[in-house]
Amino acid sequence: MITPASVASTIRVRLFASYAERLGGELIEVPAEGIRTVADLLERLRALPNGAVVGPATLVAVNLRHSPPGTAVRAGDEVAVMPPLAGG
Amino acid sequence: MITPASVASTIRVRLFASYAERLGGELIEVPAEGIRTVADLLERLRALPNGAVVGPATLVAVNLRHSPPGTAVRAGDEVAVMPPLAGG
Amino acid sequence: MSFLTRLPIQLDGLIAEVAGPDRGGIASFLGTVRDHHQGRAVRGLEYTAYEPMAEETCREILLEAAARWPVQVTLRHRLGELAIGDVAVAVVAAGGHRDEAFAACRYVIEELKGRVPVWKRETFVDGTVEWVNASQQAIGSGQSAMGETLE
Amino acid sequence: MSFLTRLPIQLDGLIAEVAGPDRGGIASFLGTVRDHHQGRAVRGLEYTAYEPMAEETCREILLEAAARWPVQVTLRHRLGELAIGDVAVAVVAAGGHRDEAFAACRYVIEELKGRVPVWKRETFVDGTVEWVNASQQAIGSGQSAMGETLE
């Protein structure tokens with residue numbers, strides 16, 4: 001059984017490029033309380049030191065899929081918060 | 001001076017692919033008399049043995065330029081009579 | 001099959017992957033590192049990716065292209081440090097005719113640029129280092145920096 | 001510069017001809033020998049050309065492309081005997097952006113097929129040998145076998 005106080009209370013967020021540099025690393029943990037959607041998570045990240053880097057063009061993937069702001073986020077999901085893409 | 005009876009009385013015609021095979025080689029000489037245009041030359045070639053190979057899609061180049069039927073042809077010109085292209 | 005690589009991209013190898021005796025038209029695209037970006041002289045750059053999602057998205061894009069046109073198609077995206085002129089991305093599409101080869105090749109490079117999570121950090125000749133697109137986003141307020149944004 | 005060659009076409013060499021530090025987009029097309037033609041199994045083929053006119057026409061087409069788009073562009077057409085899978089024609093266009101590279105590459109291959117005096121003789125697996133397009137022309141009467149005809 002998963003213990004709510006240990007695993008389920010934290011969302012692990014992968015960060016990339018400028019976001020990883022400014023927000024404290026490639027993998028951060030965010031308390032899950034009060035976060036139900038992608039929009040909630042972004043609001044929380046923007047409240048961090050240097051959170052202004054998370055601009056309006058930010059992309060979020062939940063479990064490897066691009067996910068709009070209304071997408072549900074649960075502890076245990078693989079959540080990635082990404083600056084605008086620049087491949088190719 | 002060019003002697004009319006030797007050089008100027010003959011049109012040298014380059015032939016390619018199926019035309020060269022059917023009309024007697026890659027370079028043939030055609031008496032210039034009566035030939036003033038590309039159309040005249042084609043008519044003369046079609047009267048040769050196997051001349052039926054010179055079909056409606058034949059291309060003619062005079063001095064390396066694609067040339068429509070009304071184009072003037074003179075002895076001394078480089079004239080090429082070509083089947084439909086099949087490059088690439 | 002891995003579409004991301006830290007080794008130099010070899011176009012001949014990609015062509016061999018998709019070529020075949022019934023596919024007479026092969027269209028390719030190479031994206032190489034340019035020596036300038038928005039008017040500034042570039043010394044080199046580094047690509048980084050969200051690797052599992054990038055691999056999965058590349059696979060999806062190639063499946064989409066193969067479903068839409070009768071082609072064999074592949075791609076590679078380089079990661080790590082690149083110098084001017086290095087190949088950053090390659091797409092090759094082979095079909096029976098050139099129309100479908102060109103169309104599929106174009107589709108894949110456009111989708112790749114819009115959907116595959118890869119980022120680029122440029123080192124300029126003046127010594128500064130910048131993540132591409134990061135500054136655009138910081139400048140605007142409420143304005144999208146690119147067409148593929150979600151909010 | 002000779003655009004016709006009796007040696008195998010090396011794409012890497014053509015890319016090196018047109019690549020440059022300010023040209024980040026390189027589009028290529030390869031035409032290869034297919035194993036069938038109009039439903040018949042092909043063993044191999046031979047290309048022949050009206051060489052001086054073919055060289056001149058290739059040069060003109062490349063100049064047209066370079067005048068119309070900001071690109072460096074080149075091509076090769078193979079002559080002589082080719083086997084299945086061999087590269088018969090290659091076009092490479094390099095530009096600052098992929099739009100112009102793709103457009104110029106496509107323009108050159110289309111114009112080449114329509115204007116450059118090259119012919120192809122196919123040897124079929126059943127032993128017969130035929131000049132491509134020759135039969136179409138003989139069948140029709142007053143009907144053009146292709147769009148580029150002059151009469």
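Lettering of chains follows the sequences in order, A, B, ..., and the numbering in each one begins at 1.
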Given a strict heavy-atom distance threshold of 4.5 Å, which part of B:Glu21 is in contact with chain D: side chain, backbone, both, or neither?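 Just the side chain, heavy atoms under 4.5 Å.
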Answer with side chain, backbone, both or neither: which region of [X] has an atom nearer than 4.5 Å to a non-hydrogen atom of chain B?
| X | answer |
| --- | --- |
| D:Tyr47 | side chain |
| D:Val118 | both |
| D:Ala90 | neither |
| D:Glu60 | side chain |

Any heavy-atom pair between the side chains of B:Glu26 and D:Tyr50 that's under 4.5 Å? no
Is the shortest side-chain heavy-atom distance between B:His66 and D:Met53 below 4.5 Å? yes
Could you tell me how the ring of D:Trp119 sits relative to the ring of B:Phe16: parallel (under 30°), tilted (30 to 60°) or perpendicular (over 60°)?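 Aromatic pair D:Trp119/B:Phe16 classed parallel.
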Any donor-acceptor N/O pair, D:His77 side chain to B:Gly88 backbone, under 3.5 Å: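 Yes, D:His77 side chain to B:Gly88 backbone: donor-acceptor pair under 3.5 Å.
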Using a cut-off of 6.0 Å, state whether more than 12 heavy atoms not belonging to [X] lie near its atom [atom1].
| X | atom1 | answer |
| --- | --- | --- |
| D:Glu46 | CD | yes |
| B:Glu29 | CD | yes |
| D:Arg40 | CZ | yes |

Measure across B:Leu85 and D:Pro117 and return the closest heavy-atom pair with its distance rounded to 0.1 Å.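 In this case the closest contact between B:Leu85 and D:Pro117 is CD2-CA, 3.6 Å.
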All heavy atoms of B:Glu78 vs all of D:Pro52, minimum pair found to be OE2-CG, 4.5 Å
